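Take a look at the structure set out below.
Side-chain atoms are counted along with the backbone in the values below, which use heavy atoms only and exclude waters and symmetry mates. Just so we're clear, the structure is a prediction, and the values are computed from it rather than from any experiment.
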Amino acid sequence: VQLQASGGGLVQPGGSLRLSCAAYGIISTNNNLNWYRQAPGKQRELVAGIAPSGSTNYADSVKGRFTISRDNAKNTVDLQMNSLKSEDTAVYFCHTYIYRHYWGQGTLVTVSS
């Protein structure tokens, strides 16, 4: 059972990145899928979540810039990140809860000129 995230990298301020996460060994279609991030020296925080119905929630700091989506057939969740800022620099983790927490390995996003 694992969540495998990809898509991180280095981008300039104002740029875009798309993160993807695939769930293997678990069926996540009936559960929320989430993206968290952890910046250096800070606590891990929820960035965005999407319910099985497709309803979404976002941290105030990313509203209007980030979009979370899911493909239940492929068991994947993506995070489209636009208008990136230096304060978005962090390790991003995909997450779901099915009787216990499951975390992806994290993918580093660095926003810098």
Checklist entry - Taking all non-hydrogen atoms of both residues, which atom of Leu84 and which atom of Leu17 are closest, and how far apart? => result CD1-N, 3.8 Å
Checklist outcome for this item: Heavy-atom closest pair (Ala90 atom, Tyr92 atom, distance to 0.1 Å) is O-CD1, 3.4 Å
Checklist entry - Between the side chains of Ser55 and Ser53, is a donor N or O closer than 3.5 angstrom to an acceptor N or O? => result yes
Checklist entry - Are Phe93 and Ile50 connected in a single hydrophobic cluster, I mean Ile/Leu/Val/Met/Phe/Trp/Tyr linked by side-chain heavy atoms less than 4.5 Å apart? => result no
Checklist entry - Same cluster for Phe66 and Val111 if Ile/Leu/Val/Met/Phe/Trp/Tyr side chains link at under 4.5 Å? => result yes
Checklist entry - What are the two closest heavy atoms between Cys21 and Trp35, and how far apart are they? => result CB-CZ2, 3.6 Å
Next on the checklist: Any heavy-atom pair between the side chains of Ser61 and Arg37 that's under 4.5 Å?
Outcome noted: yes
Checklist outcome for this item: Heavy-atom nearest pair, Asn31 first then Tyr97, reads OD1-O, 3.2 Å
Checklist entry - Going only through I, L, V, M, F, W and Y residues with side-chain contacts under 4.5 Å, is there a path from Val62 to Val11? => result yes
Next on the checklist: Please report the interatomic distance OG1(Thr107) to CD(Gln4), rounded to the nearest 0.5 Å.
Outcome noted: 10.5 Å
Checklist entry - Are more than 12 heavy atoms from other residues, nucleotides or ligands located less than 6.0 Å from atom CD of Glu87? => result yes
Next on the checklist: Tell me the closest heavy-atom pair linking Arg65 and Asp88, and the distance in Å.
Outcome noted: NH1-OD2, 2.8 Å
Checklist entry - Between CG of Leu10 and OG1 of Thr110, what distance do you get to the nearest 0.5 Å? => result 6.0 Å
Checklist entry - When rounded to the nearest 0.5 angstrom, what distance separates CD1 in Ile98 from CG in Asn30? => result 8.5 Å
Checklist entry - Going by atom types alone, do Gln80 and Asp78 pair a side-chain donor with an acceptor below 3.5 Å? => result no
Item to check | ILVMFWY cluster, Val47 and Leu108 together (side-chain gap under 4.5 Å) | outcome: no
Checklist entry - Would a 4.5 Å heavy-atom cut-off, applied to side chains only, mark Leu33 and Cys94 as touching? => result no
Item to check | Straight-line distance of Tyr58 OH to Leu79 CG, nearest 0.5 Å | outcome: 7.5 Å
Checklist entry - Which pair of non-hydrogen atoms, one from Ala5 and one from Gln105, has the smallest distance, and what is that distance? => result O-NE2, 2.8 Å
Checklist entry - Do Lys63 and Asp60 sit within salt-bridge range, that is, some charged N less than 4.0 Å from a carboxylate O? => result yes
Checklist entry - Can you tell if the side chain of Thr96 reaches within under 4.5 Å of the side chain of Val77, non-hydrogen atoms only? => result no
Checklist entry - Between His95 and Trp103, how do the two ring planes meet: parallel, tilted or perpendicular, split at 30° and 60°? => result tilted
